[in-house]
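Sequential numbering from 1 along the given sequence is applied to the chain's residues. Note that the coordinates shown come from a computational prediction; the quantities given were computed from them, not determined experimentally.
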Amino acid sequence: QVQLVESGGGLVQAGGSLRLSCAASGRAFSRYFMGWFRQAPGKEREFVTAIKWTSTSTYYADSVKGRFTISRDNAKNTVYLQMNNLKPEDTAIYYCALDPSWYLERSSNSWNYWGQGTQVTVSS
């Protein structure tokens, strides 16, 4: 199995920055995507960003494009989410996820492995 452990959430003022980390361990896959989803109170879990196993391709939701950056450190088996210019509407629980697939699926239902989530709160 796969274990994903997130860290780095917290409270920040609008316009501020946070960096989330997700450390992966356990089973290895030859091809996969790692990504971040978020879920605000009363809303469905939504896709935020993902990175391909080759690290050559990244994908973003329109709502975070230009403000968030996903990256990875293969040596540490860790994926990062740098969030800049945060807005109150970014407030949510952020989940790290892994999908052992050839193709990116933006629906959370298609992702197999999940972290426990980390709270991000942006005050206005």
Side-chain angles (χ1 to χ4, degrees):
Q1 293 300 316
V2 174
Q3 292 78 42
L4 302 173
V5 179
E6 304 104 330
S7 61
L11 173 64
V12 65
Q13 289 189 332
S17 299
L18 281 175
R19 189 176 83 154
L20 306 183
S21 300
C22 173
S25 61
R27 181 180 175 182
F29 298 94
S30 58
R31 76 290 182 263
Y32 56 93
F33 289 86
M34 288 197 71
W36 292 90
F37 287 73
R38 66 187 182 186
Q39 189 166 16
K43 295 188 177 181
E44 293 187 353
R45 192 169 298 188
E46 65 174 359
F47 172 84
V48 176
T49 180
I51 187 166
K52 198 172 181 179
W53 69 95
T54 58
S55 298
T56 57
S57 298
T58 56
Y59 311 84
Y60 296 92
D62 288 343
S63 58
V64 306
K65 203 171 293 183
R67 300 188 297 123
F68 290 12
T69 302
I70 189 171
S71 62
R72 62 184 300 158
D73 183 332
N74 289 335
K76 297 181 178 180
N77 287 330
T78 300
V79 171
Y80 303 97
L81 178 60
Q82 178 66 43
M83 304 185 292
N84 297 329
N85 191 22
L86 282 160
K87 304 176 180 181
E89 51 264 42
D90 294 319
T91 295
I93 299 174
Y94 283 70
Y95 296 91
C96 177
L98 185 149
D99 182 19
S101 174
W102 285 105
Y103 306 103
L104 176 66
E105 294 284 349
R106 295 183 180 233
S107 168
S108 62
N109 293 331
S110 300
W111 290 64
N112 302 80
Y113 303 99
W114 294 88
Q116 80 285 356
T118 185
Q119 177 71 47
V120 171
T121 303
V122 184
S123 63
S124 57

- Message: Let me confirm one number: the CG-OH distance from N112 to Y32, rounded to the nearest 0.5 Å.
- Response: 14.0 Å
- Message: If you count heavy atoms of other groups shown closer than 6.0 angstrom to CZ of R27, is the number above 12?
- Response: no
- L104 side chain near F47 side chain, heavy-atom distance below 4.5 Å: yes
- Note on the structure: When rounded to the nearest 0.5 Å, the distance separating NZ of K87 from OG of S124 is 14.0 Å
- Item | L20 side chain reached by W36 side chain, heavy atoms, under 4.5 Å | yes
If you look only at distance, which donor and acceptor atoms sit under 3.5 Å apart when one is on a side chain in residues 77-84 and the other is two or more places apart or in another chain?
{"from": "T78", "atom 1": "OG1", "to": "K76", "atom 2": "O", "distance (Å)": "2.9"}
{"from": "Q82", "atom 1": "NE2", "to": "N84", "atom 2": "OD1", "distance (Å)": "2.9"}
{"from": "N84", "atom 1": "OD1", "to": "S17", "atom 2": "OG", "distance (Å)": "2.9"}

- Query: Hey, does the side chain of W111 reach the backbone of E105 with a donor-acceptor pair shorter than 3.5 angstrom?
  - Reply: yes
- Query: Is the shortest heavy-atom distance from the side chain of T58 to the side chain of Y60 under 4.5 Å?
  - Reply: yes
- Less than 4.5 Å apart, any side-chain heavy atom of L4 and any of Y113? yes
- Approximate separation, where rounding is to 0.5 Å, of Q1 CD and S25 OG: 11.0 Å
- Closest non-hydrogen contact found for A40 with A92 is N-CB, 3.8 Å
- Task: Evaluate side chain to side chain contact (heavy atoms under 4.5 Å, CB included) for Y59 paired with I51, printing each intermediate quantity in order.
- Result: CA-CA 6 Å; Y59 311 84; I51 187 166; over 6 Å; no
- With distance as the sole test, does R72 use its side chain to make a donor-acceptor pair with the main-chain N or O of M34 at under 3.5 Å? no
- Measure from NZ or CZ of R45 to the centre of the six-membered ring of W114 and say whether it is under 6.0 Å with the direction within 45° of the ring axis. yes
Output side-chain donor-acceptor pairs under 3.5 Å for residues 94-103, partner residues at least two apart or in another chain, one line each.
{"from": "Y94", "atom 1": "OH", "to": "R38", "atom 2": "NH1", "distance (Å)": "2.9"}
{"from": "Y94", "atom 1": "OH", "to": "D90", "atom 2": "O", "distance (Å)": "2.6"}
{"from": "S101", "atom 1": "OG", "to": "Y103", "atom 2": "N", "distance (Å)": "3.1"}
{"from": "S101", "atom 1": "OG", "to": "Y103", "atom 2": "O", "distance (Å)": "3.0"}

- Item | Euclidean distance, T118 OG1 relative to I93 CD1, rounded to 0.5 Å | 9.0 Å
- Message: Keeping T91 on the side-chain end and V122 on the backbone end, is there a donor-acceptor pair under 3.5 Å?
- Response: yes
- Quick one: list whatever passes side-chain contact (heavy atoms from CB on, under 4.5 Å) with Q13, sequence neighbours left out. S123
